[in-house]
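Accompanying notes for the structure given below.
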Amino acid sequence: MKLELEGKTVLITGASKGIGLAAAHAFAAEGCHLQLAARDGVALVAAKEEIEKTYPVNVRIHAMDLAAPGAMVQLAEAAGHADILVNNAGDIPSGPIESLDFAAVRRGFQLKVLGYMELTQIYYARMKSAGAGVIVNDIGNSGENWDANYIAGSTGNAAVMAFTRALGGVSLDDGIRVVGVNPGPVATDRMVKLMKRRALDTHGDEGRWEELFDNYPGGRPATPEEVAELMVFLASPRAAYITGTVVTIDGGIAARGSIIKTSKKAVAAEQARRLAA
């Protein structure tokens, strides 16, 4: 299928690794020019070199801490025009309510929830003036499949889902589409960090995180490339009547009801088993 994205400019946050980096390659493969933002400047330079070597597109990079006050305004000024905005940067901490470090939670919400909203506000106004544009929010299926062991992430993701649906419900009147993607577990560095925390909560040993894959659909997480390809389709003219929608890509986890949650009763039983051993 020809996606008709050649020559479009795409701004991607959190683009130095994981889903963001996969999205950069996927959009470049469709002939899109890129504006890539992330905190890791070295990784951005490597991404720029690899993409420009592989595809006939232009890549500009913006190394900055996107959670810092004023960062989204600074990024928008530096990046300039974008036909497509991919809000992807995010790092809300894992863990149950009693484990939360609220300084880290505030920083996570500043980056993902408020950061998505602020950058969208800036680019929505620009796209409205142009009469066209697409905003893709990378969210996460814990926003619809609530998880007490990822309480801050579930809350933040639910907020971004509501934001996406609310704005996307009216945005087509301005020629703009606003859509979301809800990945379940994805094979990224961030997933490893979250899974280690979950393994610590459930098994008392973060080294047992890979055992949690046994309960996943197909016995594996999604790949970053699978999520990126969904983003590219949703951003394309082939999805021209899709807006105010959040598409879940989790192998069916949310449809089943979570198969990876562990109740407090189960955690207590595991702890008792270890004490008795």
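Values below: all heavy atoms of this structure, side chains included; hydrogens, waters and symmetry mates excluded.
Salt bridge Glu49/Lys53: absent, no basic N to carboxylate O contact under 4.0 Å. Looking at Lys196 and Asp205, no side-chain N of the basic residue comes within less than 4.0 Å of a carboxylate O on the acidic one, giving no salt bridge.
Across Ala22 and Glu225, no two heavy atoms sit closer than the pair CB-N, 4.0 Å. Taking every heavy atom of both residues into account, Pro183 and Val227 meet most closely at CG-CG1, 3.9 Å. Smallest separation of non-hydrogen atoms from Leu3 and Phe233: CD2-CD1, 4.2 Å. In plain terms, the two heavy atoms of Arg165 and Val246 that are nearest each other are NH2-CB, 3.9 Å. Shortest non-hydrogen contact noted between Ala28 and Ile51 is CB-CG2, 3.7 Å.
Side chain of Arg177 to main chain of Leu234: a donor-acceptor pair is present (N/O by atom type, distance under 3.5 Å, no hydrogens or angles). Under a 3.5 Å cut-off, the side chain of Thr120 and the backbone N or O of Met117 do not form any donor-acceptor pair. No donor-acceptor pair under 3.5 Å is formed between the side chain of Thr9 and the backbone N or O of His33. A donor-acceptor pair under 3.5 Å links the side-chain atoms of Lys48 to the main chain of Val59, judged by distance alone.
Around atom NZ of Lys128, no more than 12 heavy atoms belonging to other residues, nucleotides or ligands sit under 6.0 Å away. Within 6.0 Å of CD on Gln121 lie no more than 12 heavy atoms contributed by other residues, nucleotides or ligands. More than 12 heavy atoms of other shown residues, nucleotides or ligands fall within 6.0 angstrom of atom CZ in Arg238.
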Pair Asn137, Thr164 - check side chain to side chain donor-acceptor pair (under 3.5 Å), show working. CA-CA 7 Å; Asn137 293 324; Thr164 301; 2.9 Å; yes
Given the rule in the side chain to side chain donor-acceptor pair (under 3.5 Å) test, do Glu144 and Asn182 qualify, once you have shown the distances and angles that lead to the verdict? CA-CA 9 Å; Glu144 61 183 313; Asn182 264 5; 3.0 Å; yes
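Evaluation of the side-chain hydrogen bond (donor to acceptor under 3.5 Å, both in side chains) rule for Arg126 yields Tyr123 as partners, not counting sequence neighbours.
Between Asp174 and Tyr124, the side chains place a donor N or O and an acceptor N or O closer than 3.5 Å (distance only, hydrogens not considered). Between the side chains of Asn157 and Lys112, at least one donor-acceptor pair of N or O atoms lies under 3.5 Å. Neither side chain, Asn149 nor Ser94, offers a donor N or O lying under 3.5 Å from an acceptor on the other.
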